[in-house]
Amino acid sequence: MEIDETVQLRSVRKTYGPPERMVTALDGVTAAFRAGTFTAVMGPSGSGKSTLLHCAAGLDRPTEGQVVIDGADLGELDETGLTLLRRERVGFVFQAFNLVSALTAEQNVSLPLRLAGRGPSPAQTRAALDEVGLADRLEHRPSQLSGGQQQRVAIARALITRPAVVFADEPTGALDTKASRQVLDLLRGLVDRQGQTVIMVTHDPLAAARADRVLFLADGRVVEEFAREVSAAAVAARMANLEAAAC
Ligand code: ADP
Ligand code: MG
């Protein structure tokens with residue numbers, strides 16, 4: 001196995017529902033994500049982007065095929081092993097932030113490690129919030145923060161365990177242009193400065209253009225890949241093409 005590939009999917013299939021009404025969400029996806037790279041995943045609605053992310057992150061089990069994260073074959077882990085891997089090695093950022101509204105930013109960020117039974121030190125939590133530019137918002141609850149700030153708290157929460165990979169499902173989907181750019185700057189900076197591996201689903205060609213590589217999905221398959229010098233115009237053109245084909 002290539003050690004520098006943080007996440008690998010091999011012939012991953014995922015179906016939902018009973019045989020007579022089976023939906024094939026992923027139809028044999030093989031993809032590798034190198035350590036320290038930023039990958040965007042695009043595709044028409046229903047093409048399997050979220051399913052891909054959930055299977056790759058161990059939030060869901062594939063029907064067939066193999067997923068390897070940081071050297072661990074997820075198919076060989078029992079539920080406890082999978083829970084531990086998700087908690088310790090994987091960070092996940094959702095479109096809707098998914099913060100606990102009753103908790104402060106500091107408490108939201110420390111939650112995953114507290115659940116893991118090794119509560120982070122206040123200094124560790126503060127460092128994580130400092131990293132996303134919110135060192136002065138420790139005591140704020142989600143309702144006292146803007147959308148962009150809430151998403152940055154969610155990113156700090158995803159980073160607190162120093163995960164091998166951060167998955168983000170449309171992390172800028174609920175944000176305005178300025179907040180989106182801040183979140184993308186932040187993700188890009190994590191990759192460039194810390195060698196973080198990031199895999200992000202997005203609808204936005206401008207967001208995809210910040211990545212090192214763009215995978216295009218259609219009908220549960222990877223149909224194209226753009227690498228290096230990804231331009232927003234080229235991404236938009238390819239997406240328009242796929243959306244038209246999906247109609
Ligand atoms: P995307 O994120 O690209 O919009 P999804 O991965 O959410 O696509 O969905 C891919 C396909 O799988 C769609 O046809 C969707 O309806 C179906 N699907 C996703 N999740 C489920 C589920 N839990 N049960 C049944 N069908 C599902
Ligand atoms: Mg989706």
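Just follow the structure's listing: the first ligand is 1, and inside any ligand the first atom is 1. Note: hydrogens, waters and symmetry copies are ignored here, and every other heavy atom, side chains too, is used.
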- Query: Hey, is R210 close enough to D185 for a salt bridge, meaning N to O under 4.0 Å?
  - Reply: yes
- Item | Short N-O contact, R181 and D176, less than 4.0 angstrom | no
- Message: If the cut-off is 2.8 Å, does any N/O/S atom of S50 fall short of it from the Mg ion (ligand 2)?
- Response: yes
- Query: Using a 4.0 angstrom limit on heavy atoms, which residues are close to ligand 1?
  - Reply: Y16, V23, A25, P44, S45, G46, S47, G48, K49, S50, T51
- Which pairs count as ring-ring contact (aromatic ring centres under 6.0 Å, His included) when at least one residue sits in residues 118-161, sequence neighbours excluded? none
Kindly list each side-chain donor-acceptor pair under 3.5 angstrom involving residues 235-247, sequence neighbours excluded, with atom names and distances?
{"from": "R238", "atom 1": "NE", "to": "E224", "atom 2": "OE1", "distance (Å)": "2.1"}
{"from": "R238", "atom 1": "NH1", "to": "N241", "atom 2": "OD1", "distance (Å)": "3.1"}
{"from": "R238", "atom 1": "NH2", "to": "E224", "atom 2": "OE1", "distance (Å)": "3.2"}

- Message: Is a donor from one side chain sitting under 3.5 angstrom from an acceptor on the other, for D169 and S50?
- Response: yes
Donor-acceptor contacts under 3.5 Å from residues 17-26 side chains, at least two apart:
none

